[in-house]
Amino acid sequence: MDSDEHKRVLDPERDTAALKALTHPLRIQLLGLLRQHGPATASELAARTGESSASTSYHLRVLAKYAFIAEAEHRDGRERRWRALHTLTSWSNESMEATEAGRAFVGLARRRQIEHLERSLARYEVDLAAGRLGQEWVEPSGITDLMPRLTAASLTELFDTVAGKLEELTARDADDPRAEHVVFVAAGLPLAAPEHAAPEHADREPEGHEAEDRHLADPDPADPAPANRETAGRDAEDRAVTAHDAEDLNP
């Protein structure tokens, strides 16, 4: 996985301008593409995104101003190449919740990650149908929406466990030619009991949707991220802004 120097940890008090800069959808997408595919020019990124090279060039300079990217080694002297400075964008939820800018950024980031999941599902289905993925991927792939009852401490422990296992598996499969990029999204969103709920039902465990029974503790190696939140836990959670082709956030 990534060491701390490969994470951009955002502080809502210190990084107010950087947070604002990163809320632009195209900037998030450009950062994700650089993290996923490596250094590129404004023209190359314009071709990927359908934007003009003037537009991508401007937004790349903004990302560079706030130290998300930097100039890369040039192949020739004709056009700048840009590279991402980090593979993950992280933050503390508690710190972000304390400021309006922080709350706005986290809300946007989470919704971009949901959009990334929707695009990833569509791409997965197309890739599978077209034979670009082997049948060995059919059984382990899936989405779960279990609803266990947990304490805040247990939810933190769950995320830490997933992050640790993910790190282990990613390192193990790093040089395996059978490995593919996997979009792995984990969400832990506590829901307060409805005000009209009867007290006798307070201890009842909510039932999960009849989705696939894929447990969070059994992840496949995830797409570096990002993009996207890929893993979270401890004080500063790893919210990845990374991506694959149309990626926004692996932030």
Side-chain angles (χ1 to χ4, degrees), residues 1-2 6 28-29 31-40 44-45 47-50 84 87-88 109-148 155 158-189 206-233 237-251:
M1 206 64 135
D2 299 275
H6 293 149
I28 294 174
Q29 185 178 15
L31 179 57
L33 289 169
L34 291 175
R35 287 179 172 179
Q36 180 65 21
H37 300 289
E44 291 167 344
L45 292 168
R48 278 187 174 274
T49 60
T87 56
L88 290 175
R110 288 171 174 168
R111 282 160 180 78
R112 298 296 288 184
Q113 288 160 336
I114 292 171
E115 292 169 7
H116 181 210
L117 177 60
E118 291 176 340
R119 289 194 304 274
S120 299
L121 174 59
R123 176 174 168 179
Y124 162 77
E125 292 172 338
V126 170
D127 286 346
L128 191 64
R132 289 188 288 268
L133 290 172
Q135 286 299 302
E136 70 273 15
W137 289 102
V138 173
E139 187 62 28
S141 302
I143 300 172
T144 186
D145 60 351
L146 303 176
M147 293 185 65
L155 182 57
L158 175 60
F159 274 125
D160 285 346
T161 300
V162 172
K165 189 64 176 179
L166 185 57
E167 182 174 354
E168 174 192 331
L169 295 175
T170 301
R172 188 186 73 184
D173 293 351
D175 300 319
D176 193 325
R178 299 171 300 174
E180 300 281 3
H181 278 134
V182 174
V183 176
F184 180 76
V185 179
L189 305 173
E207 295 180 1
H209 189 275
E210 291 182 5
E212 300 163 280
D213 189 16
R214 308 291 180 205
H215 298 288
L216 288 177
D218 301 315
D220 285 298
D223 195 4
N228 254 192
R229 125 181 174 190
E230 256 61 35
T231 58
E237 306 182 13
D238 297 339
R239 320 288 182 180
V241 194
T242 62
H244 57 242
D245 276 332
E247 161 69 8
D248 300 343
L249 261 179
N250 156 206

TODO: Might you confirm whether atom CZ of Arg111 has over 12 heavy atoms from other residues, nucleotides or ligands at distances under 6.0 Å?
DONE: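 No.
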Only counting residues at least two apart or in another chain, list the ones meeting salt bridge (Lys or Arg N to Asp or Glu O under 4.0 Å) with [X].
X      : result
Glu125 : none
Arg172 : none
Asp175 : none

Task: Arg48 vs His37, side chain to side chain contact (heavy atoms under 4.5 Å, CB included): CA-CA, chis, key distance, verdict - done: CA-CA 11 Å; Arg48 278 187 174 274; His37 300 289; 3.8 Å; yes
If you look at every heavy atom in [X] and [Y], which pair is closest and at what distance?
X      : Y      : result
Leu155 : Gly188 : CD2-O, 3.9 Å
Val126 : Arg132 : CG1-NH2, 3.3 Å
Ala84  : Leu31  : CB-CD1, 4.3 Å
Gly134 : Leu128 : O-CD1, 4.3 Å

Pairwise distance [atom1]([X]) to [atom2]([Y]) - rounded to 0.5 angstrom:
X      : Y      : atom1 : atom2 : answer
Glu180 : Asp127 : CD    : CG    : 9.0 Å
Lys165 : Asp160 : NZ    : CG    : 15.5 Å
Leu45  : Leu33  : CG    : CG    : 6.0 Å
Leu117 : Tyr124 : CG    : OH    : 13.0 Å
His6   : Leu88  : NE2   : CG    : 10.0 Å
Leu133 : Arg123 : CG    : CZ    : 8.5 Å

- [ ] Give the intermediate values and the outcome of side chain to side chain contact (heavy atoms under 4.5 Å, CB included) for residues Val185 and Gln113.
- [x] CA-CA 8 Å; Val185 179; Gln113 288 160 336; 5.6 Å; no
TODO: Output, in order, the C-alpha distance, side-chain angles, deciding distance and verdict of side chain to side chain contact (heavy atoms under 4.5 Å, CB included) for His181 and Gln36.
DONE: CA-CA 10 Å; His181 278 134; Gln36 180 65 21; 2.9 Å; yes
